[in-house]
Amino acid sequence: MNHAQYWLMKSEPSVFSIEDLKNASKQTAPWDGVRNYQARNFMRQMQIGDLVLFYHSNCDVPGVVGIAQVSRLAYPDYTAWDPLSHYYDPKSTSDNPRWDMVDVQFVTKFEKTLSLKSLYHYPELQDLPLIRKGNRLSVMPVTASQWHFMISLCK
DNA sequence: GCCAACGTTGGC
DNA sequence: GCCAACGTTGGC
């Protein structure tokens, strides 16, 4: 793997959890439903093999729960075309798709959740968008040093 | 369930 | 292009 990039992606576990990814066919699933341009643009920058911190939001203990890797480059999010989908967006058409997604594959689940609350304590992570006040970005880049620091916290 | 922060929409 | 209104996110 050459020059993998690092990312963090949020999901509500009641909708799609790391367990769901682990149990999915080929332990792989499309990261659908992103409806934010900045987040979409980050997904367009992803490469096969990029590593992803899987984050659980809107739950008892919000935090990083494991690792996934990008297994397919960005392609149109077809849930935007499905009128019955929660993610339906009539402004996205197959001729001119507005939203993209990537596929991610399960890598590992941490024994303990790396809680958001604990992450606030570390100056090493002060520039991580996740812990900036009011940040709601659901897909964000993580620097190599931030990545290695967070991984070291899991040991 | 509350609500602060933020993004998007659309009238003008 | 401004900006008020509105909808969503997501921690608490």
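Since the model is a prediction, treat every value here as computed from it, not as a measurement. Order of the sequence lines fixes the chain letters, A, B, ..., with proteins taken first and strands second; residue numbering starts at 1 for each chain.
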**OP:** Provide the full list of salt bridge (Lys or Arg N to Asp or Glu O under 4.0 Å) pairs with a residue in residues 126-140 of chain A, sequence neighbours left out, each pair given once.
**Re:** none
**OP:** Take atom CZ of A:Arg35 and atom P of C:dT8, then tell me their distance rounded to the nearest Å.
**Re:** 13 Å
**OP:** Determine to 10° how strongly the helix from B:dG1-C:dC12 to B:dC12-C:dG1 is bent, judged from the axes of its five-pair ends.
**Re:** 10°
Subject >> Atom pair distance, as rounded to whole Å: CH2 in A:Trp99 and P in B:dG7 >> reply: 13 Å
**OP:** Hey, could you give me each pair passing side-chain hydrogen bond (donor to acceptor under 3.5 Å, both in side chains) that has a residue in residues 15-25 of chain A? Not counting sequence neighbours.
**Re:** A:Ser17-A:Asp20, A:Glu19-A:Lys109
Subject >> For A:Trp147, all residues meeting side-chain hydrogen bond (donor to acceptor under 3.5 Å, both in side chains), sequence neighbours excluded >> reply: none
Original post:
What residues form a side-chain hydrogen bond (donor to acceptor under 3.5 Å, both in side chains) with A:Asn41, not counting sequence neighbours?
Top reply: none
Original post:
Is any side-chain N or O of A:Lys91 closer than 4.0 Å to OP1 or OP2 of B:dT9?
Top reply: yes
Original post:
Where the side chain of A:Ser11 meets the backbone of A:Phe16, is there a donor-acceptor pair that is under 3.5 Å apart?
Top reply: yes
Original post:
With sequence neighbours left out, what residues match A:Arg35 under side-chain hydrogen bond (donor to acceptor under 3.5 Å, both in side chains)?
Top reply: A:Asp77, A:Thr79
Original post:
A:Arg132 has an atom CZ; how far is it from atom P of B:dG7, in whole Å?
Top reply: 11 Å
**OP:** Would you please name every residue forming a ring pair (Phe, Tyr, Trp, His ring centres under 6.0 Å) with A:Tyr78, sequence neighbours left out?
**Re:** none
Subject >> Pairing residues for A:Trp7 by the side-chain hydrogen bond (donor to acceptor under 3.5 Å, both in side chains) criterion, not counting sequence neighbours >> reply: A:Asp50
Between protein and nucleic acid, restricted to nucleotides 10-12 of chain C and to nitrogen or oxygen atoms under 3.5 Å apart, what atom pairs and distances do you find?
unit_1 : atom_1 : unit_2   : atom_2 : d
C:dG10 : OP1    : A:Lys10  : NZ     : 3.0
C:dG10 : OP1    : A:Arg136 : O      : 2.8
C:dG10 : N7     : A:Asn58  : ND2    : 3.4
C:dG11 : OP1    : A:Tyr55  : OH     : 2.6
C:dG11 : OP2    : A:Asn58  : N      : 2.9

Original post:
Can you name the residues that form a side-chain contact (heavy atoms from CB on, under 4.5 Å) with A:Glu12, not counting sequence neighbours?
Top reply: A:Ser14, A:Val15, A:Ser57, A:Asn58
Original post:
How close or far is atom P of B:dT8 from atom OH of A:Tyr37, stated in whole angstroms?
Top reply: 7 Å
Original post:
What is the distance, rounded to the nearest whole Å, between atom CG of A:Asp89 and atom C1' of B:dT8?
Top reply: 11 Å
Restricting both atoms to N or O, compile the protein contacts to nucleotides 1-5 of chain C shorter than 3.5 Å, with distance only.
none

Subject >> side-chain hydrogen bond (donor to acceptor under 3.5 Å, both in side chains): pairs with one or both residues in residues 96-108 of chain A, sequence neighbours excluded >> reply: A:Tyr37-A:Arg98, A:Arg44-A:Asp100, A:Tyr75-A:Asp103, A:Asp89-A:Trp99
Subject >> Smallest separation among heavy atoms of A:Leu114 and A:Met150, with atom names >> reply: CD2-O, 3.6 Å
